[in-house]
Amino acid sequence: MIIEILKSKIHRVKVTQAELNYVGSITIDEDLIEAANIIPNEKVQIVNNNNGARFETYVIKGERGSGTVCLNGATARLAQVGDIVIIMSYAYMETDEARAYEPILVFPDADNKLIK
């Protein structure tokens, strides 16, 4: 059987921008997406800790080291600059593989930078 499990998570990052007049997506600092093993155009689920909104979109690579977390298009209505969000990606795996899989968890600092 194939099941969907958590592949990776960027935990508690701050929304730095919200651009309503954009085609759609979330722009994330390249350092963060690489650390979480998320690739550009990958589907992600976003949970807004401030208002409880949960939504899905795809990732656009942002400038490395910028700390950017920008909601684009309609998703810009689901969070405000300064809101704290969790970004999660999922993968499909055979049950036995999923039992052994350890998700990648990224815990950035208050400025959305990797903690070294």
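Put simply, Ile28 and Met88 are part of two different groups of oily side chains (I, L, V, M, F, W, Y) that touch within less than 4.5 Å, one to the next. Under the 4.5 Å side-chain contact rule for hydrophobic residues, Val15 and Phe55 share a cluster.
Proximity of a side-chain donor or acceptor of Thr95 to a complementary backbone N or O of Met1 within less than 3.5 Å is detected. Asn48 places a side-chain N or O within donor-acceptor distance of the main-chain N or O of Leu78, the cut-off being under 3.5 Å.
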Side chain to side chain contact (heavy atoms under 4.5 Å, CB included) between Ile10 and Leu105, intermediate numbers included: CA-CA 6 Å; Ile10 303 172; Leu105 307 176; over 6 Å; no

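Heavy-atom neighbours of Arg64 CZ from other residues, nucleotides or ligands within 6.0 Å: above the threshold of 12. Around CG of Asn21, the count of heavy atoms belonging to other residues, nucleotides or ligands within 6.0 Å does not exceed 12. Counting non-hydrogen atoms of neighbouring residues, nucleotides and ligands closer than 6.0 angstrom, the OH atom of Tyr92 reaches no more than 12 such neighbours. Within 6.0 Å of atom CD in Gln17, more than 12 heavy atoms from other residues, nucleotides or ligands are found, so the atom counts as buried in its surroundings. A 6.0 Å sphere centred on CD of Glu56 holds more than 12 heavy atoms belonging to other residues, nucleotides or ligands. The environment of NZ in Lys113 is crowded: more than 12 heavy-atom neighbours from other residues, nucleotides or ligands sit within 6.0 Å.
Looking at Ser8 and Ser89, their side chains do bring a donor and an acceptor atom within 3.5 Å of each other. If you check the side chains of Gln45 and Tyr90, you find a donor sitting under 3.5 Å from an acceptor. Defined by atom type and a distance below 3.5 Å, a donor-acceptor pair is missing between the side-chain atoms of Thr68 and Asn112.
Between Glu102 and Lys7, none of the side-chain N atoms (NZ, or NE/NH1/NH2) sits under 4.0 Å from a carboxylate O, so this pair counts as no salt bridge.
Considering only heavy atoms from C-beta on, Val13 comes within 4.5 Å of Ile87 through its side chain.
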